[in-house]
Number of protein chains: 2
Amino acid sequence: MRVTNDVGADRLAELARALADPTRAAFCLALLDGRAWTAGELARHAGVAASTATEHLHRLTAVGVLTERRQGRHRYVELADARVAAFIEDMAALLPPAPAPVTGLRSAAASTALARGRTCFDHLAGRLGVTLTEAMAAHGHLETDGGFALSGKGLHWMEASLGVDTAAWGRRRPVARACLDWTERRTHLAGQAGASLCRALFDHGWIRRVGSTRAVRLTDGGSDALQALLGIDASELGLL
Amino acid sequence: MRVTNDVGADRLAELARALADPTRAAFCLALLDGRAWTAGELARHAGVAASTATEHLHRLTAVGVLTERRQGRHRYVELADARVAAFIEDMAALLPPAPAPVTGLRSAAASTALARGRTCFDHLAGRLGVTLTEAMAAHGHLETDGGFALSGKGLHWMEASLGVDTAAWGRRRPVARACLDWTERRTHLAGQAGASLCRALFDHGWIRRVGSTRAVRLTDGGSDALQALLGIDASELGLL
DNA sequence: GGAACGGTTCGGCGGGCGCCGAAGCGTCGA
DNA sequence: TCGACGCTTCGGCGCCCGCCGAACCGTTCC
């Protein structure tokens, strides 16, 4: 006896197909910032004609991934709800960590750099991501029991110490989410707080990309700042 | 500044495309039972030629959704790991609950039947699913704090009282998982335990499908059984 | 009113993909 | 050893879909 519904496969495939295009995927990843984007912004972001973007947006709204809001001559779209945002983050986290295009002597150095710290789409992963997450939890900025949640203290800390405009966070994307990727077996901070944290560290010059890869390196200033803000001893933890 | 990696969209789309076909989706849903299937079994299950199934399986293994094991002249495939299984369940749970093909006077009756109890792919949702889940938790069969987990007592209960062969559960799919769908705002039991529970209730004749829909109805025998096993008062809870 | 602009619709092009059947290969059992 | 069987490869067919430019519609601003 087969309990699974036959028709379920069709509907599941239809939903998957909505994300199964590089342009539509780029839209969804862009919308992961929780804001509402106009159709034109998304078209330019993905590098396609406005007409093409229109078709894609129709499709994404039809399957319930996006919601739209007409305002004047603009069409604003955003992720339908927090569940959709979480789903897209989960799918992104399911991807193997790196395409590893380079082989040879450089590979070893590159992979240790990735293990030290890297971006996982729009937030931080690797030892750096895990260390930051645990330090925030230790300082009471982050609740980690029963799902991640930013505390009131943490919210204020992100505003005061990192200069994050938390009021600009959209309501669609979860503020704090746990992300577990393939290399690290521990979770790190994702969601809007994770994205803002990553962006703030870049903006302050505390972390920098290694070449054009996903690996990030802690700068000297960043090392001092993390020591002062969270009591993180970067050299001891092998983050340099 | 855009932190999100451009190339990420391509890889995300590639993963999504792997599931974006009714046949491949049917494979994945079938494999959600946690067992390893042969290529031929999946081909017959989905109603495609063996050659077609081969191509699909290549694709699914290439993106890391499935793992394969050659054994004699058979090719066994199963879901790559528990994260993949959880991801597919999450995606399935994201689908709107019912296509609602019929309109008119029957709609109201049909939708209340769906609210009362229905299958959510291979487990039970609706008031029936929620009630069973909470009753199992109240009896110590299920831990619901910090993620669902079946207790040792619950494992024995499923074997002794429901006749479930828990030893046959595969290692790929999580045993107990929380599933939240659109209509109910409370979670219900999914995963292998949820699937086995649903199947056992069908096999014992305690629940029955309403026509060919996803709605299920508690039988008289089922009402008595749930009273005896879990102290559930079906009539009081509006499950009849 | 007219120009600029964002978004939409439509037609057409090209590529990718899912499907099958036929042929072939390796394994298993008589 | 030989046939049955499970799976794979290959060629070919047809459909679907993503892309663009051109024309069009509604809003905004001058």
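Predicted, not measured: the structure shown is a model, and the values here were computed from it. Below, read A as the first sequence line, B as the second, and so on, with proteins coming before strands; counting in each chain starts at 1.
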Is the shortest distance from a Lys or Arg side-chain nitrogen in [X] or [Y] to a carboxylate oxygen in the other one below 4.0 Å?
X     : Y      : value
B:D90 : B:R177 : yes
B:R69 : B:E78  : yes
A:D81 : A:R173 : no

>> Can you see if the side chain of A:T23 gets near the phosphate of D:dC19 - specifically, an N or O under 4.0 Å from OP1 or OP2?
In response: yes

* Asked: Which part of the nucleic acid, if any, lies within reach of A:A50 when heavy atoms closer than 4.0 Å are counted: base, sugar-phosphate only, or nothing?
  -> base

Categorize B:R44 for me: base, sugar-phosphate, or nothing, with a 4.0 angstrom heavy-atom threshold over every strand shown. nothing

Exercise. Given side chains that start at C-beta, do those of B:E89 and B:C179 come closer than 4.5 Å, heavy atoms only?
Worked result: no

- Task: Please examine the side chains of B:S196 and B:M158, heavy atoms only from C-beta on, and report whether any two atoms are closer than 4.5 Å.
- Result: yes

Only one of A:T133, A:V216, A:T119 passes side chain to side chain contact (heavy atoms under 4.5 Å, CB included) with A:L128, and that residue is A:V216

So the salt bridge (Lys or Arg N to Asp or Glu O under 4.0 Å) pairs with at least one residue in residues 26-36 of chain A (sequence neighbours excluded) are A:D33-A:R35

Here the salt bridge (Lys or Arg N to Asp or Glu O under 4.0 Å) pairs for residues 12-27 of chain B, sequence neighbours left out, are none

First and last nt of DNA chain C near chain A, cut-off under 4.0 Å to heavy atoms, 5' to 3', are C:dA4 to C:dC10

Sequence neighbours excluded, the answer for salt bridge (charged side-chain N to carboxylate O under 4.0 Å, His left out) partners of A:E159 is none

Numerically ordered, the residues 52-60 of chain A set in heavy-atom contact under 4.0 Å with DNA chain D is A:T52, A:E55, A:H56, A:R59

In numerical order, the residues of residues 68-75 of chain A whose heavy atoms come under 4.0 Å of DNA chain D are A:G72, A:R73

Between CZ of A:F27 and C1' of D:dG18 the distance, given in whole Å, is 12 Å

*asked:* I'd like to know whether NE2 of B:H204 has more than 12 heavy-atom contacts from other residues, nucleotides or ligands below 6.0 angstrom.
replied: yes

